[in-house]
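As structure tokens, the structure follows; a few thoughts come after it.
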Amino acid sequence: MPAIKINSTPPGPKAKKIVEETNRVLSPSIARFYPLVIDHAHDCIVEDVDGNSYIDFNSGIAVLGVGSTNDRIVKAATEQLKKFTHYSYTDFYYENINELAEKLIAIFPCNAKKEAKQVFYGNSGTEANEAAIKLARYATKRPRLMAYTGSFHGRTTGAMSLTASKIAQVKGFSPLLSGVEHVPYPYCYRCPLKLEYPDCGFACIDYIQENYFDKYVPPEEVAAFFLEPIQGEGGYVVPPDDYFKELFKRFGNYGILFADDEVQSGMGRTGKWFAIEHFGVVPDMIAVAKALGGGLPIGALIARADLMTWQPGSHASTFGGNPVAAAAGLAVISEIEEKKLMDNATRQGEYMMRIFHEWKEKYEIIGDIRGKGLMIGIEIVKDKKSRQYGSAEASKITEMAWKRGVLLISCGRSTLRVVPPLTITRELVDEALEVIENAVAEVNKETVSKRNKLN
Ligand SMILES: Cc1ncc(COP(=O)(O)O)c(C=O)c1O
């Protein structure tokens with residue numbers, strides 16, 4: 001039986017009314033993909049207020065790794081809700097955040113030195129990165145920070161200063177944090193240096209040395225290099241396998257810390273606990289949030305214990321490490337381990353990648369396919385030769401997919417982001433891909449015929 005059920009093309013009457021109310025009472029700073037109004041959800045199926053059922057291919061923006069209303073999470077959170085809901089871990093003690101910290105430390109990628117780690121809790125990705133900024137500066141006594149163009153690290157002023165993915169996210173908010181430098185991300189499909197991997201010999205790393213560290217950014221003043229191992233909001237961009245090895249080798253010698261933002265790519269999403277594990281390097285700290293709480297807000301910074309030199313009172317958060325969210329976090333980790341969800345992510349991801357590569361051969365508007373596990377980007381272009389961003393085309397595809405029962409969103413300028421829960425089954429993948437392919441085929445036909453008319 002198909003999982004998708006569309007009674008009438010969304011948005012239905014109830015959804016329209018709620019959207020109207022939302023626009024009246026909520027801040028207009030939020031940009032939404034399409035007017036989907038949720039009523040309830042379970043695992044990979046979402047039902048809207050008008051009774052339409054959809055396959056979830058975005059996991060509430062990479063949060064619902066173990067699916068919606070996962071039974072184990074609901075049970076763990078409910079039990080904790082009845083015990084106590086809050087008692088500020090920054091002022092008092094309770095046990096389940098220690099247990100969660102032990103788990104996070106245990107899954108942190110290991111290096112030969114097996115350095116001890118410690119955990120700081122906040123409530124979100126931006127707070128985890130904010131903690132990373134403060135800790136890196138505090139521990140190294142160095143003022144400067146490096147980050148990538150195309151990156152997204154959050155929206156508080158510190159994290160936003162590292163962010164460089166969309167103008168709307170930063171416009172009007174300057175001055176931002178001083179001492180932050182952005183360098184080109186290894187976005188090989190659109191190489192900023194117009195070179196080709198591997199012939200380029202990582203010229204983009206030479207570029208950082210020559211144009212920053214040799215010119216105006218003394219490397220010994222740099223506290224940390226912030227990186228997303230796979231760029232998320234920037235367009236699901238995957239660097240070459242040995243890129244980070246080269247980067248860490250070259251710049252680790254300056255005593256620069258590597259702060260790995262796994263807010264979107266972490267917690268099993270790519271088939272490993274952390275996406276950085278695909279690249280054979282070990283960072284000094286990792287920021288996690290999103291999927292960690294299975295839908296409840298929690299963020300964490302896991303860092304080398306020898307860096308955690310900051311004094312009592314130097315950093316804290318009233319709601320950080322909320323015990324209900326921590327109970328959910330423990331349930332998320334058990335669920336991923338016991339149900340072998342990372343293996344499923346790898347299997348379903350490889351299956352989809354094979355199909356997407358076939359689509360790339362078939363459709364003129366598919367420029368690039370990239371991803372690991374269930375973090376896959378399909379870059380839409382106007383045509384393969386010009387590689388011009390197909391932003392309107394990508395929006396059309398996501399809107400069509402939604403109206404036909406698949407919750408698909410985009411990222412970057414024109415990339416479809418395929419990020420279903422790690423629990424997704426082959427049947428649901430096949431049903432969703434049929435909808436997405438039909439939308440791609442229609443938009444492809446329209447785009448090609450428009451171009452032919454112009455020529
Ligand atoms: C890589 C990355 N870092 C940080 C953030 C910010 O997380 P939050 O929205 O929980 O503050 C996001 C959110 O999309 C993200 O993708």
Side-chain angles (χ1 to χ4, degrees), residues 27 29-33 58-65 120-134 136 145 147-166 168-170 173 176-177 180 182 185 187 224-239 244 258-270 273-276 278-279 283 285-302 317 319-322 325 328-329 332 371-377 409-412 415 417-419:
S27 159
S29 59
I30 317 287
R32 297 183 177 83
F33 288 96
N58 78 67
S59 306
I61 326 285
V63 167
L64 303 161
F120 174 87
Y121 289 113
N123 305 281
S124 64
T126 197
E127 283 174 77
N129 284 316
E130 206 67 39
I133 295 171
K134 287 179 71 173
L145 304 165
Y148 284 105
T149 52
S151 65
F152 187 86
H153 296 288
R155 295 177 182 273
T156 50
T157 301
M160 177 178 51
S161 304
L162 301 171
T163 289
S165 91
K166 290 201 177 81
Q169 292 159 354
V170 289
F173 300 124
L176 304 179
L177 216 59
V180 178
H182 288 93
Y185 196 74
Y187 188 171
F225 206 127
F226 281 77
L227 60 100
E228 289 167 88
I230 295 179
Q231 223 168 43
E233 304 303 302
Y236 276 29
V237 183
V238 185
F244 286 115
F258 292 99
D260 174 18
D261 181 347
E262 298 265 1
V263 169
Q264 187 148 175
S265 58
M267 301 314 294
R269 165 83 19 223
T270 65
W273 282 114
F274 299 108
I276 197 73
H278 293 279
F279 299 93
M285 49 181 94
I286 293 183
V288 273
K290 282 193 185 282
L292 173 60
L296 292 174
I298 186 165
L301 178 71
I302 317 154
S317 157
F319 287 113
N322 172 273
V332 164
K372 300 224 182 261
L374 288 175
M375 186 169 187
I376 304 175
I409 58 170
S410 59
C411 55
T415 297
R417 89 168 104 173
V418 176
V419 49

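What you are looking at is a predicted structure, and each value in this text was computed from that prediction instead of being measured. Numbers here are sequence positions counted from 1. One-based numbering, in listed order, for ligands and for the atoms of each.
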Ignoring hydrogens and angles, write down the donor-acceptor pairs under 3.5 Å from the side chains of residues 155-163, residues two or more places apart or on other chains.
unit_1 : atom_1 : unit_2 : atom_2 : d
Thr156 : OG1    : Thr126 : OG1    : 3.0
Thr156 : OG1    : Glu130 : OE1    : 2.4
Ser161 : OG     : Thr157 : O      : 2.6
Ser161 : OG     : Leu177 : N      : 2.8
Thr163 : OG1    : His153 : N      : 2.8
Thr163 : OG1    : Gly154 : N      : 3.3
Thr163 : OG1    : Gly154 : O      : 3.2
Thr163 : OG1    : Ala159 : O      : 3.2

Can you list the residues that meet the salt bridge (charged side-chain N to carboxylate O under 4.0 Å, His left out) rule with Lys290, with sequence neighbours excluded? none

Within the 4.0 Å heavy-atom cut-off around ligand 1, the contacting residues, ordered by chain and number, are Ser124, Gly125, Thr126, Asn129, Phe152, His153, Gly154, Glu228, Glu233, Asp261, Val263, Gln264, Lys290

Got Pro283 and Ile276 here, is their nearest side-chain heavy-atom distance under 4.5 Å? yes

Just to verify, what does Tyr121 make a side chain to side chain donor-acceptor pair (under 3.5 Å) with, not counting sequence neighbours? none

Quick one, Thr270 and Ile230 - any side-chain contact, counting heavy atoms below 4.5 Å? yes

Testing Val332, Val63, Ile298 one by one against Leu292 for a side-chain contact (heavy atoms from CB on, under 4.5 Å), which residue passes? Ile298

